[in-house]
Amino acid sequence: VHMTTNSTLQMAEFDKEAAKNASTFAHDGFGNATLKRLFKKIVNIGFAATNDSEQLKAISNLEADLTGIYSKGKVCLESKGCLQLEPGLTDIITNSRSYEELLAVWKGWRDASGKLMRTKYTDFVKAMNAAIKFSGFNDTGEYWRSWYETPTFEQDVRTLFEELEPLYVELHAYVRKRLKEKYGKDMFPETGHIPAHLFGNMWAQQWSNIYDLLVPFPGASSVDITAKMKEQNYNVTHMYRVAEDFFMSIGMEKMTDAFWQNSMLVKPTDRDVVCHASAWDFYDENDFRIKQCTSVTEDQLLTVHHEMGHIVYFQNYRHQPRLFRGGANPGFHEGMADIVSLSFQTPEHMKVIGLLDEVPQDSDSDINFLLKMALDKVAFLPFGYLIDQWRWSVFRGDTNSSNYNQHWWDLRCRFQGISSPVKRTEEDFDPGAKYHIPGNTPYIRYFVSFVVQFQWHEALCREAGNTRPLHRCDIYNNTNAGNKLREMLRMGSSKPWQDAMEAITGQRTMSAKPLVNYFDPLLKWLKEQNKEENTGWSASCPSSIPTPSALAAGSANLFISITCFVLCVFFAFFQIR
Ligand code: BJ2
Ligand code: ZN
């Protein structure tokens with residue numbers, strides 16, 4: 001969250017003074033666990049601990065500069081003029097099925113954003129690392145990870161990732177097979193990687209926008225939600241009302257008047273803004289806001305639910321002391337933001353809100369639905385995992401400006417099995433093309449979220465007495481499920497996350513099992529589909545990249561061969577005569 005440099009410095013002064021005052025108490029020996037926890041939070045002031053206010057100024061100014069670059073980025077295309085990320089470039093990446101048009105947008109965005117951030121990002125890392133030492137952390141990554149209050153956190157997320165990898169690998173192989181059919185296998189490197197610009201998403205993080213290219217059973221039921229929304233004249237306000245209605249149906253409060261008055265729900269035309277959707281707590285127990293350049297699409301409808309999920313968490317812990325008004329850990333906030341998406345997208349629920357006419361009951365439609373969900377929830381896993389693998393390495397100093405982009409692509413190739421469609425160098429800075437790098441939002445929270453949301457979904461569906469398979473459970477209207485969820489939300493960060501997890505699932509650990517169970521029928525089907533495929537990919541990036549010009553050269557060769565053949569026949573004919 002960015003504030004002006006002045007207010008950042010004022011806040012730091014306040015935090016420092018509060019920490020100093022709190023230190024006069026022997027709080028480590030407090031008998032009351034909650035009070036002890038509160039004091040620990042008062043003295044743990046992060047970057048504000050530095051004795052050099054120039055560092056804080058630098059951090060604040062650099063973050064503003066970096067997000068400024070991101071929000072001003074434009075790509076000019078011969079056919080379409082100059083476009084910003086939202087909605088223009090996003091629309092093309094979502095809907096275009098032309099290899100070359102996608103490539104122009106993909107590369108154009110990286111030239112217009114990340115590439116301009118390199119030096120500033122290096123300074124940014126330096127300033128943060130210098131400041132965080134005053135709080136006793138070796139580097140900023142160690143500080144970020146400390147929020148999870150788990151000494152084995154790095155190892156724990158690795159283990160979760162490894163448990164989920166087999167599912168991802170099957171999904172990847174199936175998608176690769178179908179994309180080769182669409183774009184021609186010549187465009188795919190021999191290492192097994194998929195070119196990164198073909199997924200309907202600027203960062204290849206979620207793939208459901210290309211569902212139409214991948215439908216398992218074209219004859220069975222599957223709906224185009226965006227088209228349905230347009231057909232039913234959905235507008236922006238209606239999208240927020242639909243989300244609010246879901247949360248209220250499980251017993252959550254409505255949005256406050258301040259929410260409706262102060263939120264920015266459409267893109268302003270008179271100035272550049274950071275369009276990347278976000279949710280804001282103004283900590284006065286009433287002023288909560290969403291900032292989103294909302295357009296009428298299925299993706300955006302899900303993002304509306306995501307951001308409102310954050311607001312509902314804010315509302316539920318508003319009675320807590322200021323320092324407990326946060327998620328049990330950052331992954332919990334994201335999990336709460338996303339959990340409704342698992343109910344909301346079920347065919348059962350789509351029927352309830354009129355975006356589907358009939359709930360299909362056949363197994364083909366079920367596979368269609370599960371594949372669609374996997375394109376969001378499974379495709380995301382390696383992406384959610386790798387962003388902070390990169391950043392932790394940068395903060396640690398293992399990666400620096402001499403190999404920023406190299407290491408980025410090493411991770412993209414290794415974990416996601418995708419590769420760059422054009423040559424990349426250390427002139428480029430592709431991490432910066434993703435909002436959370438200039439925005440400085442830690443990312444492992446989303447990986448955690450994608451795991452725990454399935455644990456909670458399973459627990460809440462049990463609470464709701466659901467009898468359908470997990471992927472068809474919709475907790476809409478179920479206040480038992482809502483109460484259970486609220487029990488956790490109300491705690492904010494007043495207790496360790498393990499307590500919050502226990503409140504909702506009865507268990508104290510993260511587990512990949514509910515996610516695996518949810519997709520079990522799909523995994524079986526994918527394995528069957530991939531029987532003849534070489535699943536997986538080489539650990540390192542391809543050394544040469546097939547390009548459209550190579551393809552053009554290919555057809556030029558074909559042209560020459562045909563010409564030769566014709567001439568040969570011609571001469572042979574005269575020879576014989
Ligand atoms: C669209 C969503 C973030 C979010 C925004 C921007 C960064 C933090 C906030 C925080 C919330 C809080 C987003 C959605 C899933 C994957 C990820 C992505 N925007 N943020 N203030 N997502 O998490 O809502 O609103 O905790 O207070 O970035 O990569 O798209
Ligand atoms: Zn979020």
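Here, residue 1 is the first one in the sequence, and each next residue gets the next number. Remember, it's 1-based here, ligands and their atoms both numbered in the order they're listed. Predicted model, so just to flag it, every value in this text is computed and none were measured.
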request  = Taking only Lys NZ, Arg NE, NH1 and NH2, and the carboxylate oxygens of Asp or Glu, determine whether Lys107 and Asp111 approach each other closer than 4.0 Å.
outcome  = yes
task = Report yes or no: does Phe314 have a heavy atom closer than 4.0 Å to ligand 1?
result = yes
note = Only residue of Glu86, Gln84, Gln292 satisfying side chain to side chain donor-acceptor pair (under 3.5 Å) with Lys267 is Gln84
ask   = Is Gln205 in contact with ligand 1, taking contact as a heavy-atom separation below 4.0 Å?
value = yes
query = Between Tyr240 and Thr294, is a side chain to side chain donor-acceptor pair (under 3.5 Å) present by the stated rule, with each step listed?
reply = CA-CA 10 Å; Tyr240 286 85; Thr294 320; 2.8 Å; yes
query = In terms of side-chain heavy atoms, does Tyr446 have a donor or acceptor partner in Asp338 at a distance below 3.5 Å?
reply = no
message = Between ligand 1 and Ala277, can you find any atom pair, the residue atom being a heavy atom, that is separated by under 4.0 Å?
response = yes
remark   = The protein N, O or S atoms lying under 2.8 Å from the Zn ion (ligand 2) are His306 NE2, His310 NE2, Glu334 OE1
remark   = So ring-ring contact (aromatic ring centres under 6.0 Å, His included) across residues 283-305, not counting sequence neighbours, yields His305-Phe344
request  = Decide, yes or no, whether a salt bridge links Arg508 with Asp499 under the criterion of side-chain N to carboxylate O below 4.0 Å.
outcome  = yes
Close approach of Gln292 to ligand 1, heavy atoms, under 4.0 angstrom = no
ask   = If you measure from each heavy atom of Gly439 to ligand 1, is any distance below 4.0 Å?
value = no
query = Among Phe332, Phe383, Trp280, Tyr446, whose heavy atom sits nearest atom 17 (C) of ligand 1?
reply = Tyr446
inquiry  = Under a 4.0 Å threshold between the charged nitrogen and the carboxylate oxygen, would Arg37 count as salt-bridged to Glu149?
reply    = yes
request  = Report the member of His306, His310, Arg325 with the shortest heavy-atom distance to atom 26 (O) of ligand 1.
outcome  = His310
remark   = So the atoms of ligand 1 within less than 4.0 Å of a heavy atom of Tyr443 turn out to be 16 (C), 17 (C), 18 (C), 29 (O)
request  = Over 60° means perpendicular and under 30° means parallel, so classify the ring planes of His310 and His306, tilted if in between.
outcome  = perpendicular
ask   = Can you tell me if Lys434 has a non-hydrogen atom under 4.0 Å from ligand 1?
value = yes
ask   = For ligand 1, does Trp203 get within less than 4.0 Å through its side chain, its backbone, both, or neither, judged by non-hydrogen atoms?
value = neither
request  = Please determine if Asp123 and Lys120 form a salt bridge, counting it only when a charged side-chain N lies under 4.0 Å from a carboxylate O.
outcome  = no
Asp430 with Arg424: basic N within carboxylate O range, under 4.0 Å = yes
